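Proteins come first, then strands; the chains are lettered A, B, ... in the order of their sequence lines, and each starts at number 1. Just so it is clear, the model here is predicted, and its values are computed rather than measured.
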Number of protein chains: 2
Amino acid sequence: MELTGGRVRMTPGARRVVEAAERLFYAHGIHAVGVDLIAAEAGVTKKTLYDRFGSKEQIVVEYLAGRDERWRAFLAERLERLERPAAEARVLAVFDASREWSGEFGAKGCAMVNAHAEISDPGHPAYAVIAAQKTWMLELFTGLVREAGAEDADSTARALMLLHEGALVAHGLGMFPDPFAAARDQARALLGGVRRS
Amino acid sequence: MELTGGRVRMTPGARRVVEAAERLFYAHGIHAVGVDLIAAEAGVTKKTLYDRFGSKEQIVVEYLAGRDERWRAFLAERLERLERPAAEARVLAVFDASREWSGEFGAKGCAMVNAHAEISDPGHPAYAVIAAQKTWMLELFTGLVREAGAEDADSTARALMLLHEGALVAHGLGMFPDPFAAARDQARALLGGVRRS
DNA sequence: CCCCAAGTATACCGATCTGTATAGTGGACA
DNA sequence: TGTCCACTATACAGATCGGTATACTTGGGG
């Protein structure tokens, strides 16, 4: 199975497998996509696929963990662009980044939320990846809000989290146009009305 | 197939099928549950199941439409409880109702969002049910906000929608305790700060 | 009394599912 | 030159998938 800290060593074939899996899992759901299709789309035999990953479950883990890694790198790059940023501007930049990301890669909403809908066993290794992603986002907001000097950083961060998750869902379901702009507006109002310590 | 306006005639066996399907689909996901299991859990043969529904797809439609109906009835009952209610109180009551509903039936978040994650074909009949549910909720918020006399009812309603969807997701993933209370607090602040026409 | 709707019981269909087995190929590197 | 390593090709196993077929039972209403 060739693991390195729960992750798989990414040979060229393995990388193509994860890329194909990400595209197929995200578009059609995890259970709707078989390993035969993944292998075919990756231009790889099932033998190679199982030599690298050992199980479909492990491909799911790589799919989610890889996507999370890319999102974090994407977000970090967007946050570093800001020069001498006010903390409030950094919070709003998270919504802008999410809007851009979702426009490019997020037509079906949050991959973590969607995967969670298909997994019932809390012992599934993907569960930890999903939970960690949401914890990380909440802590990101908490840190940024604390920088901004808000009185109750925890509850403010949670409110931002609700707006952000709501925007992801609204975008995925096409509830109304540009939900990230709406969420960003609310976030600004929320931060503007907050008492400073 | 015995349809009545796109829906199935609910004989006793058919009702048990939908009940079993709802429990299993919601807990494990749609593609993860086979019709054999549904029939067994309903105490019904596959013959009966297919005589009533004709296809698994139709069971999915009944599952979602039935759950939506129950939610709307649940919410209507909670809203009617309020006597001589201010419109703002009615908005907050939606979040209270959602909190109560989710505590009883919503451990995995929104059934519509979860189903959407597993369906890729926009022509799937369940798609219309999902979209209609979200449209209905948005219009509900819009109507309530308009009653409250807010200046920009549409954008206020969308903000409430984001908070509500965010709370459903946060609850389903267990991101932090009592997300509906947090969403309700934000909703109140949002309504309180709104300019009246 | 007889019919009909709703149901049971059971067996089957072809397709697809995850996962394994066997045998062989081509390149990099020591 | 020889040995790994990543990979191809193909075939197969056992289970489960959605869906169908045949034959029978039961209870209530004209």
Measuring from the side chain of [X] (C-beta onward, heavy atoms only), which nucleotide among [options] has the closest atom?
X	options	result
A:K46	D:dG19, C:dT22, C:dG19	C:dG19
B:K56	C:dA6, D:dA23, D:dG19	D:dG19
B:T45	C:dA9, D:dC7, D:dT20	C:dA9
B:T11	C:dA21, C:dC17, C:dA6	C:dA6

Using the six-membered ring of A:F141, assess whether NZ or CZ of A:R146 lies under 6.0 Å from its centre and within 45 degrees of the ring axis.
->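 Output no; distance or angle outside limits.
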Honestly, is B:R70 close enough over B:F105, meaning NZ or CZ under 6.0 Å from the six-membered ring centre and within 45° of the axis?
->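 Yes, B:R70 sits over the ring of B:F105.
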Taking 4.0 angstrom as the limit, do B:R99 and B:D96 come out as a salt bridge?
->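 No, no charged N to carboxylate O under 4.0 Å.
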Ionic contact status for A:D51 with A:K46, cut-off 4.0 Å |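 Salt bridge absent between A:K46 and A:D51.
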Do the side-chain N or O atoms of A:R52 get closer than 4.0 angstrom to the phosphate oxygens (OP1, OP2) of D:dC7?
->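 For A:R52, the contact criterion (side-chain N or O under 4.0 Å from OP1 or OP2 of D:dC7) is met.
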Within less than 4.0 Å of OP1 or OP2 of D:dA6, is there a side-chain N or O belonging to A:R9?
->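 Yes, A:R9 has a side-chain N/O under 4.0 Å of OP1/OP2 on D:dA6.
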Atom [atom1] of [X] to atom [atom2] of [N]: distance rounded to whole Å?
X	N	atom1	atom2	answer
B:Y50	C:dG7	OH	C1'	18 Å
A:K47	C:dT18	NZ	P	19 Å
A:I59	C:dT18	CD1	P	9 Å
B:M10	C:dA6	CE	P	13 Å
A:L49	D:dA9	CG	C1'	15 Å

Of all pairs that satisfy ring-ring contact (aromatic ring centres under 6.0 Å, His included), the ones with a partner from residues 18-48 of chain B, not counting sequence neighbours |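 Qualifying pairs: B:F25-B:Y63.
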Describe, in one word, how the ring planes of A:H171 and A:F180 are oriented to each other, choosing from parallel (under 30°), tilted (30 to 60°) and perpendicular (over 60°).
->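 If you compare the ring of A:H171 with that of A:F180, the planes turn out tilted.
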For residues 23-34 of chain B, which residues have at least one heavy atom under 4.0 Å from DNA chain D?
->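 By residue number: B:V33, B:G34.
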On DNA chain C, nearest-nucleotide positions of A:V35 versus B:D36: which is more 5'?
->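 Closer to the 5' end of DNA chain C: B:D36.
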Checking side-chain contact (heavy atoms from CB on, under 4.5 Å) for the pair B:R9/B:R52: CA distance, chi angles, key distance, verdict?
-> CA-CA 7 Å; B:R9 189 154 50 89; B:R52 294 298 123 216; 4.2 Å; yes
